Amino acid sequence: MAQKLDDTKLLFRAVIMGPPGSGKGTISERIARGFGLQHLSSGDFLRENIASNTEAGVLAKTYIEKGLLVPDHVMTRLLLPRLEEMTCHSWLLDGFPRTLAQAEALNSSCELDLVISLNIPLETLKERLSHRWIHQASGRVYNMCFNPPRVQGVDDITGEPLIQQDDDKPEALVARLRHYKDVAKPVIDVYKAKGILHTFSDTDTDRIWPYISSLLSAKIPTDIADAQRASTH
Ligand SMILES: Nc1ncnc2c1ncn2[C@H]1C[C@H](O)[C@@H](COP(=O)(O)OP(=O)(O)OP(=O)(O)O)O1
Ligand SMILES: Nc1nc2c(ncn2[C@@H]2O[C@H](COP(=O)(O)OP(=O)(O)O)[C@@H](O)[C@H]2O)c(=O)[nH]1
């Protein structure tokens, strides 16, 4: 159940998991908009730290440039203080935890209410990522079929060019997915054992979304959603 902070404030904490291309970012945005949860993306947070040259950002960059995961102790040192600042907010974490060590660290700092796991067929992931274009500085994501930019090849907000990441190419994707499965399995098992895991399988985000939306409507008391929406607008 949602954690009670004081007599008036209830908080809701959720995690979204899934392989690259499964729609975590897309669904997180809809949840943030629809339910007022603060969307915290580990990838966006790393990019912000890299852009502002923080000590952790400089260190993280050396791993990301090689296509590696950032070590657990660097991730937890970055993310957990950020979560501790959010004591009055309901949030949705996207991209963290990725490993069992990260899940254990998160577990010792807060209690989660819900974990959403996206289980999307490999062929769908390959197809989506081959059409994924991003605005590198902000991490804004487009898909040339599903949510194309207003002007082909440029970011809607800044007008800067979009790029396609090397590791979104099909050859790199198979290895990434294998790695995701190996690392995520024990994390998923932990949340399953806690009884907070909800798995969604389909080829289309628009078909999954109504189920996620009704789950959240049932789990998030209306007063939390209203209060969070009011504080984020
Ligand atoms: N929890 C984490 N642990 C370790 N490294 C991380 C974590 N989150 C992000 N990173 C690193 C490795 C990623 O390649 C990089 C960018 O993350 P992210 O934006 O989530 O993109 P991604 O390409 O790995 O995944 P996705 O396609 O699922 O969004 O940052
Ligand atoms: N064709 C199609 N593309 C989708 C769908 N859902 C998300 N996408 C796109 O697929 C890509 C991966 O989605 P994203 O939310 O970035 O997934 P993440 O890597 O898990 O965060 C992006 O380009 C999205 O715009 C869908 O249902 N159909």
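Index from 1, following the sequence. Everything numeric in this text was worked out from a predicted model, so none of it was measured. Indexing begins at 1, ligand by ligand and atom by atom, following the structure's order.
Crowding of Q164 atom CD: a count of heavy atoms from other residues, nucleotides or ligands under 6.0 Å exceeding 12. In this structure, R207 places its CZ atom where more than 12 heavy-atom neighbours from other residues, nucleotides or ligands lie under 6.0 Å away.
The heavy atom nearest to atom 11 (C) of ligand 1, out of those in V141, L173, V74, L46, is found in L46. Around atom 11 (C) of ligand 2, the closest heavy atom drawn from K24, H131, R132 belongs to R132. By heavy-atom distance, the residue among K66, K24, M17, R132 lying nearest atom 27 (O) of ligand 1 is R132. Selection from M75, R47, K61 by nearest heavy atom to atom 16 (C) of ligand 1 gives R47. In this comparison of Q165, R176, R128, the heavy atom closest to atom 22 (P) of ligand 1 sits on R176.
S90 approaches F12 most closely through the heavy-atom pair OG-N, 2.9 Å. Here the shortest heavy-atom pairing between Y191 and A103 reads OH-CB, 3.8 Å. Residue G57 comes nearest to I50 through the heavy atom pair O-CG1, 3.4 Å, listed as atom of the first residue, atom of the second, then distance.
In summary, D206 and R30 engage in a salt bridge, as defined by a charged side-chain N under 4.0 Å from a carboxylate O. Between R178 and D182, none of the side-chain N atoms (NZ, or NE/NH1/NH2) sits under 4.0 Å from a carboxylate O, so this pair counts as no salt bridge. The pair D113-K219 does not count as a salt bridge, with every side-chain nitrogen at least 4.0 angstrom from each carboxylate oxygen.
Per-residue contacts place G95 under 4.0 angstrom from the following atoms of ligand 1 (heavy atoms of the residue considered): 1 (N), 2 (C), 7 (C), 8 (N). Counting the atoms of ligand 1 from 1 in the order shown, those under 4.0 Å from a heavy atom of Q102 are 1 (N), 2 (C), 3 (N), 4 (C). The atoms of ligand 2 that sit less than 4.0 Å from any heavy atom of D204 are 27 (O). With ligand atoms numbered from 1 in the order given, ligand 2 contributes 25 (O) to contacts under 4.0 Å with heavy atoms of N147. Applying the 4.0 Å criterion to heavy atoms of V141 picks out, from ligand 2, the atoms 16 (O), 22 (C), 23 (O). Atom numbering of ligand 1 starts at 1 in the shown order; those under 4.0 Å from a heavy atom of G43 are 17 (O), 18 (P), 19 (O). Below 4.0 Å from some heavy atom of P19 lie the following atoms of ligand 2, by number and element: 20 (O). Heavy-atom contacts of S42 reach the following atoms of ligand 1: 7 (C), 8 (N), 9 (C) (cutoff under 4.0 Å). With ligand atoms numbered from 1 in the order given, ligand 1 contributes 4 (C), 5 (N) to contacts under 4.0 Å with heavy atoms of L69.
In terms of protein heavy-atom proximity, atom 5 (N) of ligand 1 is nearest to V70 N, 3.0 Å. Regarding atom 9 (C) of ligand 2, its nearest protein heavy-atom neighbour is N143 ND2, 3.5 Å. At the top of the distance list for atom 23 (O) of ligand 2, counting protein heavy atoms only, stands Y142 O, 2.9 Å. Protein heavy atom at the shortest distance from atom 20 (O) of ligand 1 is R98 NH2, 2.8 Å. Given atom 17 (O) of ligand 2, the protein heavy atom at minimum distance is G23 N, 3.0 Å. Closest to atom 8 (N) of ligand 2, if we only count protein heavy atoms, is F146 CD2, 3.4 Å.
Backbone and side-chain nitrogen or oxygen atoms of G25 are examined, and one is located within less than 3.5 angstrom of a nitrogen or oxygen of ligand 2. Residue P20 has no nitrogen or oxygen atom sitting less than 3.5 Å from a nitrogen or oxygen atom of ligand 2, judged on distance alone.
Proximity of T26 to ligand 2, defined as any heavy-atom pair under 4.0 Å, is shared by backbone and side chain alike. Contacts between C145 and ligand 2, counted as non-hydrogen atom pairs separated by less than 4.0 Å, are absent for every part of the residue. With a 4.0 Å heavy-atom cut-off, ligand 2 is reached by the backbone of T205 and by its side chain too. Contacts with ligand 2 closer than 4.0 Å are made by no heavy atom of W133, backbone or side chain.
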Inset, instruction - Determine, step by step, whether K61 and N49 satisfy the side-chain hydrogen bond (donor to acceptor under 3.5 Å, both in side chains) criterion, reporting the C-alpha distance in whole Å, the side-chain angles of both residues, the deciding distance to 0.1 Å, and the verdict. - result: CA-CA 9 Å; K61 190 173 178 209; N49 273 272; over 6 Å; no
Inset, instruction - Go through the steps for N119 and T199 under the test side-chain hydrogen bond (donor to acceptor under 3.5 Å, both in side chains), then give the verdict. - result: CA-CA 7 Å; N119 180 22; T199 303; over 6 Å; no
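Side-chain polar atoms of Y211 and D202 form no donor-acceptor pair below 3.5 angstrom. A donor-acceptor pair shorter than 3.5 Å cannot be found between the side chains of H39 and E29. D168 and Q165 form a side-chain donor-acceptor contact under 3.5 Å, judged by distance and modelled atom types alone.
Taking 4.5 Å as the limit, some side-chain heavy atom of L129 sits within range of a side-chain heavy atom of P20. Looking at I163 and I134, their side chains come closer than 4.5 Å, going by heavy atoms from C-beta outward.
Distance remark: protein heavy atom not present below 4.0 angstrom from atom 14 (O) of ligand 1.
Note on L125 and Y142: separate hydrophobic clusters, where clusters join Ile, Leu, Val, Met, Phe, Trp and Tyr whose side-chain heavy atoms are under 4.5 Å apart, directly or indirectly.
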